[in-house]
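Naming convention: chains lettered A, B, ... in sequence-line order (proteins, then strands); numbering from 1 in each chain.
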Protein chains: 2
Amino acid sequence: MKRNSRLSLALHTLGHMAGEPERMRKSADIAAHAGTNPVVVRRVLGRLREAGLLVAEKGHAGGWRLARPPREITLADVYLALNERLVPVDEPPEPHGCAVEEALHDRVATLMDEIEQTLVSRLSETTIAEIRTPAG
Amino acid sequence: MKRNSRLSLALHTLGHMAGEPERMRKSADIAAHAGTNPVVVRRVLGRLREAGLLVAEKGHAGGWRLARPPREITLADVYLALNERLVPVDEPPEPHGCAVEEALHDRVATLMDEIEQTLVSRLSETTIAEIRTPAG
DNA sequence: ACATCACGTAACAATCGCAGTTGCGGATAT
DNA sequence: ATATCCGCAACTGCGATTGTTACGTGATGT
């Protein structure tokens, strides 16, 4: 699989689930469709379960399904549930007295936070029910 | 050093250069100040040289200096020179006929391009001459 | 009851990108 | 000529992520 696969895998799977919200899906089936491994699927979907987006059930009739209607799950919910970050949070530099470094860090950190916020805002405009329709 | 260090290192160095544009700086000195290695500095600044932001000279009086006035170098110039990417370009998925995956990829790729564009646009509002001043 | 099935989790290997490091060649000033 | 820079290639080490195996836990059907 390619990079940033967690978000891709999650959205891909939720996109399918949005089409048949009742159906129970096993991680093995999801993995087969996505071309990856059941454990990987459980790892990723596990985060969505912790965030209350999915429900997992064990046993014979077990598997995964949406915890609420597809229209009530936005792409931002998924993004945030996975703790994804456009740019990794970097701690402020150790103060060895370089004013340039400190001013720079402030500027960049502020700007990146703003961009991250913009992304989340845009992601929240789309629900997983709309994934299938060609973007418009 | 921390992550995203290329951009940090580049901006940090250019920030200092903007204060004394005439002064020639050796990669060893830059590395010492930034807490890294001369070769790493040459790797990063080399990209900026290729992009026409810096000039490098060899030999005894060699070193690095800005290729043009600090006011004419924006943070976006630096970002683009380094070929930085908020999210790595991922090729469209192999068409194994999953409409959800394709529609999803289109949506996400479009949105990410838009965010990237926003970032570059915001970065272009600041020049390296302004780095020292506390962000305002 | 009990075998079966699916998730939950830990542990480890494989891979990838990146920083760090060493070494050597080419260019330039003294 | 020599010292001093940059340019570049090759290698190592580290951290993050994915892939894989193995085992425990809980729910279901017979």
Side-chain angles (χ1 to χ4, degrees), chain A residues 1-10 12-13 17 23-67 82-91 93, chain B residues 1-13 17 23-67 81-91 93:
Chain A
M1 246 202 156
K2 53 191 178 305
R3 269 200 52 90
N4 212 341
S5 59
R6 286 195 298 258
L7 185 60
S8 294
L9 174 59
H12 182 181
T13 303
M17 286 175 160
R23 178 169 154 207
M24 212 59 162
R25 292 158 201 267
K26 300 182 291 187
S27 48
D29 296 341
I30 296 169
H33 179 75
T36 181
N37 191 286
V39 178
V40 174
V41 170
R42 288 199 285 268
R43 277 208 283 250
V44 172
L45 299 193
R47 300 246 192 149
L48 305 187
R49 177 178 48 76
E50 292 168 14
L53 305 182
L54 287 181
V55 169
E57 279 167 22
K58 299 181 174 181
H60 259 86
W64 302 83
R65 60 178 172 77
L66 297 178
L82 292 177
N83 250 324
E84 297 275 317
R85 275 264 159 176
L86 225 38
V87 20
V89 270
D90 64 345
E91 311 102 46
Chain B
M1 247 203 158
K2 51 189 177 307
R3 264 203 53 91
N4 213 339
S5 59
R6 285 194 298 257
L7 185 60
S8 294
L9 174 58
L11 290 179
H12 181 183
T13 303
M17 286 176 161
R23 178 170 155 206
M24 212 61 164
R25 292 156 200 267
K26 300 182 291 188
S27 48
D29 295 341
I30 296 169
H33 178 77
T36 182
N37 191 288
V39 177
V40 174
V41 170
R42 288 199 283 266
R43 276 209 281 252
V44 173
L45 299 193
R47 299 242 193 154
L48 306 187
R49 178 178 48 77
E50 291 168 15
L53 305 183
L54 287 180
V55 169
E57 280 168 22
K58 299 182 176 181
H60 252 87
W64 302 83
R65 60 179 173 77
L66 297 177
L82 292 177
N83 249 326
E84 297 276 314
R85 275 267 159 173
L86 231 35
V87 19
V89 271
D90 63 348
E91 312 102 45

Check your understanding: Is the distance from OP1 or OP2 of C/dA6 to the nearest side-chain N or O of A/S27 less than 4.0 Å?
Key -> no
Could you state the [atom1]-[atom2] distance from [X] to [N], rounded to the nearest angstrom?
| X | N | atom1 | atom2 | answer |
| --- | --- | --- | --- | --- |
| B/M24 | C/dA27 | CE | C1' | 13 Å |
| A/W64 | C/dA6 | CH2 | C1' | 10 Å |
| A/E84 | D/dT17 | CD | C1' | 11 Å |
| B/I30 | C/dG20 | CD1 | C1' | 17 Å |
| B/L45 | D/dC5 | CG | C1' | 14 Å |

Study note, to complete from the structure: Residue pairs passing the salt bridge (charged side-chain N to carboxylate O under 4.0 Å, His left out) test with at least one member in residues 48-65 of chain A, sequence neighbours excluded, are A/E57-A/R65
Review point. Restricting to pairs with a member in residues 23-48 of chain B, which pass salt bridge (charged side-chain N to carboxylate O under 4.0 Å, His left out), not counting sequence neighbours?
Key: B/E20-B/R23, B/E20-B/R25
Practice item. Would you mind listing every ring-ring contact (aromatic ring centres under 6.0 Å, His included) that reaches into residues 23-51 of chain A, with sequence neighbours excluded? Key: A/H12-A/H33, A/H16-A/H33
Could you pull out the closest heavy-atom pair between [X] and [Y], with the gap in Å?
| X | Y | value |
| --- | --- | --- |
| A/W64 | A/G46 | CH2-N, 3.9 Å |
| A/P38 | A/A28 | CG-CA, 4.0 Å |
| B/I30 | B/T13 | CG2-OG1, 3.5 Å |
| A/N37 | A/A31 | C-CB, 3.5 Å |
| A/L9 | A/V40 | CD2-CG1, 4.2 Å |
| B/M17 | B/L54 | SD-CD2, 3.7 Å |

Check your understanding: Just how large is the angle between the end axes of the helix from C/dA1-D/dT30 to C/dT30-D/dA1, five pairs per end, to 10 degrees?
Key -> 0°
Revision key, fill the gap. Interatomic distance, CG@A/L82 vs CG@A/L7, rounded to 0.5 Å, equals 6.0 Å
Exercise for review: Mark up nucleotides 20-30 of chain D, 5' to 3', with B wherever a protein heavy atom is under 4.0 angstrom from a base atom, S wherever such an atom reaches only the sugar-phosphate, and - elsewhere.
Suggested key: BB---BBBB--
Exercise for review: Would you please name every residue forming a side chain to side chain contact (heavy atoms under 4.5 Å, CB included) with A/A51, sequence neighbours left out?
Suggested key: A/L53, A/A81
Check your understanding: Is there a residue in residues 46-56 of chain A whose heavy atoms reach under 4.0 Å of DNA chain D, and which residues are they?
Key -> none
